[in-house]
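Here's the structure we're looking at; comments come further down.
Heads up: numbering here begins at 1 and tracks the sequence. Being a predicted model, the structure only gives us computed values, none of them experimental. Ligands are counted one by one from 1 in listed order, and the atoms in each one are counted from 1 as well.
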Amino acid sequence: MAAEARIIDGKAAAAALRAEIASEVSGIKAARGLVPGLHVVLVGEDPASRVYVASKEKQAVEVGMNSVAHRLPPETSEAELLAKVAQLNADDSVDGILVQLPLPAHIDADRIIDAIDPAKDVDGFHLSNVGKLAAGRAALVPCTPLGSMILLRQTLGSLAGLEAVVIGRSAIVGKPMAQLLLQADCTVTLAHSRTRDLPAVVRRADIVIAAVGRPRMVKGDWIKPGATVIDVGINRLPDGKLAGDVDFAEAVKVAGAITPVPGGVGPMTIACLLKNTLTAFHARRG
Ligand code: GUN
């Protein structure tokens, strides 16, 4: 019987990344007197969104950035939100703009994302960044896939030639993840809810990325022995506990390495938001 999988410590990796970012921010301050600025916009009172935004705001402060959260009332109109985005686009001290999703139903999220200056789009959601990523050009890349790639490279080194199966085709995770794995020379399968015999498809994978939002859907006997498993799911169970998209207790006995939930990909997402803010700062301000 093989030993249990190595647990990929996303919390430690995120702390190390934030320390690097903090050191770079302090270097920029000392050399140029500039402070990278991250502006997060929240409309309404969604409790989960409030927690995420507070966490983004706090972590940006901790790495020394100019961190501003704009909390707008739930009745904010689309025109008012567009005006806020235009104001942040025009402000040279603003390097990164993130509009927290979901937005209230009376606001068209696509119209808001389209209005963000692509050079400040630290979510990587603007069509310009989506297109650049697909074309293999330098782009701002969505934070969760970016964080997952960092964990994969730290775990495996080169990914060239490996079979990667991504489960879930969302615009925020699945599709950009598949693009990044392809850029890293993996052979990529993008599986989804209509995929036939998903367990058999997943069993081919050296790398499994689970991003479906269904608790413990990926079973241990779907995993090829020794495979690396990245679990993007964060699902709240009826008892209040968190579970990933992978049945961790089963998969840990088969995989070579696996991310836990919580403490895997989650902490990397906000660290990568800060990384994207620095990338945007450098691209825009030299
Ligand atoms: N809501 C949940 N995840 C995200 C994210 O990555 N970006 C934004 N803007 N909103 C979200």
Side-chain angles (χ1 to χ4, degrees), residues 10 14 17 37-60 65 67-72 74 76 78 81-82 84-85 88-89 94-105 107-130 133 139-151 166 168-177 179-180 209-214 230-236 242 244-245 261-262 264-277 279-280:
L17 180 54
L38 173 63
H39 290 242
V40 178
V41 181
L42 171 64
V43 182
E45 321 257 301
D46 179 73
S49 290
R50 289 176 72 95
V51 172
Y52 286 132
V53 166
S55 192
K56 289 166 183 175
E57 185 184 19
K58 173 166 170 277
Q59 293 191 32
M65 288 180 179
S67 169
V68 184
H70 304 262
R71 293 180 174 83
L72 307 180
T76 301
E78 189 174 288
L81 183 55
L82 286 168
K84 170 58 77 177
V85 168
L88 297 174
N89 284 344
V94 176
D95 295 290
I97 302 170
L98 180 148
V99 178
Q100 185 69 24
L101 303 177
L103 286 167
I107 298 178
D108 180 344
D110 285 344
R111 207 170 284 161
I112 303 303
I113 290 166
D114 290 351
I116 296 172
D117 179 349
K120 300 184 177 187
D121 166 38
V122 284
D123 258 331
F125 292 172
H126 191 283
L127 290 179
S128 163
N129 285 311
V130 174
L133 176 62
L140 287 165
V141 173
C143 302
T144 299
L146 187 59
S148 300
M149 285 304 289
I150 292 172
L151 294 178
V166 180
R169 55 180 153 180
S170 72
I172 295 183
V173 182
K175 284 181 196 165
M177 190 73 223
Q179 300 283 4
L180 290 170
I209 311 287
V212 276
R214 292 177 56 184
I230 303 290
D231 189 349
V232 176
I234 302 178
N235 307 290
R236 185 75 64 182
L242 292 180
D245 292 346
V261 177
V265 174
M268 289 300 282
T269 296
I270 298 183
C272 284
L273 173 65
L274 305 174
K275 182 178 162 67
N276 276 348
T277 303
T279 302

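With sequence neighbours excluded, no residue satisfies ring-ring contact (aromatic ring centres under 6.0 Å, His included) with H126. In this structure S49 satisfies the side-chain contact (heavy atoms from CB on, under 4.5 Å) test together with L42, D46, Q100, P102, sequence neighbours excluded.
Sorted by first and then second residue, the pairs that involve residues 110-119 and meet salt bridge (Lys or Arg N to Asp or Glu O under 4.0 Å), not counting sequence neighbours, are E78-R111, D108-R111.
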Tell me, with the steps shown, if L38 and L274 meet side chain to side chain contact (heavy atoms under 4.5 Å, CB included).
CA-CA 8 Å; L38 173 63; L274 305 174; 4.2 Å; yes
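Taking a 6.0 Å sphere around NZ of K175, one finds it holds 12 or fewer heavy atoms contributed by other residues, nucleotides or ligands. By the neighbour-count criterion of 12 heavy atoms within 6.0 Å, atom NZ of K275 is sparsely surrounded, having that number or fewer from other residues, nucleotides or ligands.
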Note every protein N or O atom lying under 3.5 Å from an N or O atom of ligand 1, pairing the names and giving the distance.
from: ligand 1; atom 1: 1 (N); to: Q100; atom 2: NE2; distance (Å): 3.1
from: ligand 1; atom 1: 1 (N); to: L101; atom 2: O; distance (Å): 2.8
from: ligand 1; atom 1: 7 (N); to: D123; atom 2: OD1; distance (Å): 3.0
from: ligand 1; atom 1: 7 (N); to: D123; atom 2: OD2; distance (Å): 3.3
from: ligand 1; atom 1: 9 (N); to: V99; atom 2: O; distance (Å): 2.8
from: ligand 1; atom 1: 9 (N); to: D123; atom 2: OD2; distance (Å): 2.6
from: ligand 1; atom 1: 10 (N); to: L101; atom 2: N; distance (Å): 3.0

